Amino acid sequence: MPSSSDRRKSGNRRAVGRRYEDAAAQFLIQRGFEILDKNYQAGHKEIDLVVSKPGVIVFVEVKAARSNAFGHPAEWVSARKIRLLTQAAQVYLDEMKIVGRDIRFDVICFVKGELEYFPGAFEGVE
């Protein structure tokens, strides 16, 4: 059973993650995107942000790190994570009955507080 200290750390990590997701959302709004959903849950899979511009739905993964000691945060989007994000995106599209729109997967990273944006960071997988 996690200690209360572990739960506080986990809760704090979630709160920090939400702040980065909010900052990423503001960044995208400033670039003309509409926020469709935040922290969309498809079972145990989660999409941080779902945004759109005319003709395209974008699924956004947000990562943050205090340093590059463990590699660049964009590198943390593993093949497994890509598969889970693709599956969650398909559930979202089906649930919202969205057809005929292009989709894209972007990654937004914060390294030492600086935002880095990677549009079209990866292709979805079947």
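Because the structure is a prediction, the values reported are computed rather than measured.
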Nearest-0.5 Å distance that lies between atom SG in Cys109 and atom CD in Glu114: 13.0 Å
Over all atoms of both residues, closest heavy-atom pair of Phe110 and Ala24: CZ-N, 3.9 Å
Atom pair CG (Leu85) and NZ (Lys81), whose distance is rounded to the nearest 0.5 Å: 5.0 Å
Interatomic distance, Leu115 atom CG to Leu28 atom CG [nearest 0.5 angstrom]: 8.0 Å
Residue pair Gly120 / Asp106: nearest heavy atoms and the distance that separates them: N-OD1, 2.7 Å
Compile the donor-acceptor pairs under 3.5 Å between side chains in residues 89-96 and protein atoms, sequence neighbours left out, one pair per line.
| from | atom 1 | to | atom 2 | distance (Å) |
| --- | --- | --- | --- | --- |
| Gln90 | NE2 | Asp94 | OD1 | 2.9 |
| Glu95 | OE1 | Tyr40 | OH | 3.2 |

Pair Asp102 + Arg104, salt bridge at N-O below 4.0 Å: no
Partners passing side-chain hydrogen bond (donor to acceptor under 3.5 Å, both in side chains) against Lys45 (at least two apart in sequence or in another chain): none
Pair Glu34-Leu36, side chain to side chain contact (heavy atoms under 4.5 Å, CB included): steps then yes or no: CA-CA 6 Å; Glu34 176 186 357; Leu36 300 179; 3.9 Å; yes
Transitive ILVMFWY side-chain link Ile82 to Leu84, under 4.5 Å: no
Plane angle bin for Phe105 and Phe122 - parallel if under 30°, tilted between 30 and 60°, otherwise perpendicular: parallel
Which donor-acceptor pairs under 3.5 Å do side chains of residues 46-61 form with protein atoms, sequence neighbours excluded?
| from | atom 1 | to | atom 2 | distance (Å) |
| --- | --- | --- | --- | --- |
| Glu46 | OE1 | Gln41 | NE2 | 2.5 |
| Glu46 | OE2 | Asn39 | ND2 | 3.0 |
| Asp48 | OD2 | Val62 | N | 2.7 |
| Lys53 | NZ | Arg31 | O | 2.9 |
| Glu61 | OE2 | Lys63 | NZ | 3.3 |

Heavy-atom side-chain contact between Phe118 and Ile108 under 4.5 Å: no
